[in-house]
Peer 1: 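This is the structure, below, for whatever I ask next.
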Amino acid sequence: MSNTSFLWHNGRIKPWADASVHVSTHALHYGSSVFEGERVYATPQGPAYFRLAEHTRRLFESAAIYEIEIGYSEDEINAACMELIRANAMRSAYVRPIVFRGAGGLGVLPKGGSPVEVAIMALDWGAYLGDAVEKGADVCVSSWHRPAPNTLPSWAKAGGNYLSSQLIGLEARRGGYDEGIALGHNGLLSEGAGENLFLVKRGKLLTPPSSAGILAGITRDSVLTLAADLGIAVEERDLPREALYTADEVFMTGTAAEITPVRSVDRKVVGPGTPGPITRQLQQAFFGLFDGRTEDRWGWLSLINAV
Ligand code: PMP
């Protein structure tokens, strides 16, 4: 990962080093930020955002949950995302819009509120879990569970939620694993520290429901759509931990992780220990969107130069 020359901050493009915040920034103290993670792919037609409108929509929904007033329209944020890739002359990127309560007093709810800041960064970022996207990741089930739905809303992609992800990820790393998977408040499967979870059992694709304390992932939704298109049976349902140990295939999805196969869970090998046929088929359909092998019949790609 390396910094780029420019970012977008509170309405304008600036040099990367010129965007700083004060130490009294509310979000630093209380986790009051909402953000997105998006990807720009180098397609044969040029750089294109993948599902930009859906990411921006989720950013606004996350902000609405925490009553954070963004101060720009969705169209303005979409346009800023486009402008940033052009300013940095990037062919591909990982893009991180963030909205947060800024410096305005140290109370949980400061009098008069805190000013809201908006920034968008574009990074040069390859595969999130390294070569696991090819070989498969070694994961563990974390001893940390996801917060119950009536504690912190998992549909909001909020900075504070990532304290849970950090505990899950730290424990996994300490144990020598690539990633950790969390159970939900009810003891059933939820999601990875930064990915949604899929299993394949007897040819059927299974994934925990959106009420399982998960982020309603945009890659998850894309995989469900591609699977339906490929005629793969799909079931969104509650799954116990042991479903991981008896699955034929397991994989994780996310904007950063894309579609990453899982080759072992808690050191127990999944299937034959290599990415399975349905995982491969979905990877091909997904990555095919970006090299032209899969027709974008859903209007998921937005070309940057066309705007
Ligand atoms: N769950 C969590 C906790 C995540 O951080 C992410 C990554 N944004 C996901 C799931 C996957 O979501 P998406 O496919 O929208 O990136």
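Just so you know, residue 1 is the first one in the sequence shown, and it goes up from there. All ligand and atom numbering here is 1-based and tracks the order in the structure. All of these numbers come straight from a predicted model, not from anything done at the bench.
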Peer 1: At under 4.0 Å between heavy atoms, which part of Ala257 makes contact with ligand 1: side chain, backbone, both or neither?
Peer 2: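 Looking at Ala257 and ligand 1, no heavy atom falls under 4.0 Å.
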
Peer 1: Is the shortest side-chain N to carboxylate O distance from Asp266 to Arg241 below 4.0 Å?
Peer 2: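 Judged by the 4.0 Å cut-off on N to carboxylate O distance, Asp266 and Arg241 do form a salt bridge.
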
Peer 1: For ligand 1, indicate whether the residue Arg146 contacts it via side chain, backbone, both or neither (heavy-atom separation under 4.0 Å).
Peer 2: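 Only the side chain of Arg146 comes within reach of ligand 1.
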
Peer 1: Considering both backbone and side-chain atoms of Gly192, is one of its nitrogen or oxygen atoms within less than 3.5 Å of a nitrogen or oxygen in ligand 1?
Peer 2: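 No: no nitrogen or oxygen of Gly192 is under 3.5 Å from one in ligand 1.
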
Peer 1: Could Arg220 and Glu236 be called an ion pair, given the rule that one side-chain N must be under 4.0 Å from one carboxylate O?
Peer 2: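 Glu236 and Arg220: salt-bridged.
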
Peer 1: Would Arg267 count as a cation-pi partner of Tyr177, with NZ or CZ less than 6.0 Å from the six-membered ring centre and within 45° of the ring normal?
Peer 2: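 Pair Arg267/Tyr177 counts as cation-pi.
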
Peer 1: Say whether Arg58, considering both its backbone and side-chain N or O atoms, lies within less than 3.5 Å of an N or O atom on ligand 1.
Peer 2: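 Indeed, backbone or side chain, Arg58 has an N or O that close.
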
Peer 1: Less than 4.0 angstrom from a charged side-chain N to a carboxylate O is my criterion; do Arg57 and Glu74 meet it?
Peer 2: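 Glu74 and Arg57: salt-bridged.
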
Peer 1: Counting from 1, what ligand 1 atoms have a heavy atom of Asn196 closer than 4.0 Å?
Peer 2: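 Numbered from 1, ligand 1 contributes 10 (C), 11 (C).
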
Peer 1: With a 3.5 Å cut-off and no angle check, do the side chains of Arg146 and Ser164 form a donor-acceptor pair?
Peer 2: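 Judged by distance alone, the side chains do pair up.
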
Peer 1: Counting only nitrogen or oxygen atoms and a 3.5 angstrom limit, does Arg220 reach ligand 1?
Peer 2: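 For ligand 1, there is no N or O atom that lies under 3.5 Å from one belonging to Arg220.
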
Peer 1: Under 4.0 Å from a heavy atom of Gly254: which atoms of ligand 1 are those, numbered in the order shown and with their elements?
Peer 2: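 Here the atoms of ligand 1 in question are 11 (C), 14 (O), 16 (O).
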
Peer 1: So for Glu36, does at least one of its heavy atoms come nearer than 4.0 angstrom to any atom of ligand 1?
Peer 2: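 Heavy atoms of Glu36 never come under 4.0 Å of ligand 1.
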
Peer 1: Crowded around Trp300 CH2? As in, over 12 foreign heavy atoms under 6.0 Å?
Peer 2: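 Yes - once you tally the heavy atoms of other residues, nucleotides and ligands closer than 6.0 Å, there are more than 12.
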
Peer 1: Short list, please: which atoms of ligand 1 are under 4.0 Å from a heavy atom of Gly217?
Peer 2: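 Matching atoms, with element in brackets: 12 (O), 13 (P), 14 (O), 15 (O).
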
Peer 1: Find the distance between CZ (Phe35) and CG (Leu59) and round it off to the nearest 0.5 Å.
Peer 2: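 The distance works out to 10.0 Å.
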
Peer 1: Is it the case that over 12 heavy atoms from other parts of the model lie below 6.0 angstrom from the CD atom of Glu69?
Peer 2: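 It does not: Glu69 CD has 12 such atoms or fewer within range.
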
Peer 1: Find the distance between CD (Glu242) and CG (Leu189) and round it off to the nearest 0.5 Å.
Peer 2: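 Output value for this atom pair is 8.5 Å.
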
Peer 1: Under 3.5 Å, N or O to N or O, is Lys157 touching ligand 1 that way?
Peer 2: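 N/O-N/O distance below 3.5 Å exists for this pair.
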
Peer 1: Quick test: of every protein heavy atom, which one is nearest to atom 16 (O) of ligand 1, and how far off is it to 0.1 Å?
Peer 2: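 The closest one turns out to be Thr255 OG1, 2.6 Å.
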
Peer 1: Which ligand 1 atoms, with their elements, are less than 4.0 angstrom from a heavy-atom of Ala193?
Peer 2: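 Answer for ligand 1: 3 (C).
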
Peer 1: Where is the nearest protein heavy atom to atom 6 (C) of ligand 1: which residue, which atom, and how far?
Peer 2: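 Among all protein heavy atoms, the one nearest atom 6 (C) of ligand 1 is Gly194 O, 3.2 Å.
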
Peer 1: Quick check on contacts: which atoms of ligand 1 are under 4.0 angstrom from a heavy atom of Glu191?
Peer 2: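 That gives atoms 1 (N), 2 (C), 3 (C), 10 (C) of ligand 1.
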
Peer 1: Side chain or backbone of Thr253 under 4.0 Å from ligand 1, or both, or neither, by non-hydrogen atoms?
Peer 2: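 Only the backbone of Thr253 comes within reach of ligand 1.
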
Peer 1: If you count every heavy atom of other residues, nucleotides or ligands that lies below 6.0 Å from Leu109 atom CG, does the total exceed 12?
Peer 2: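 Atom CG in Leu109 is not packed in, count stays at 12 or less.
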
Peer 1: Going by heavy atoms, is Ser222 under 4.0 Å from ligand 1?
Peer 2: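 In this structure, Ser222 fails to qualify as a contact of ligand 1 - no heavy atom is under 4.0 Å.
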
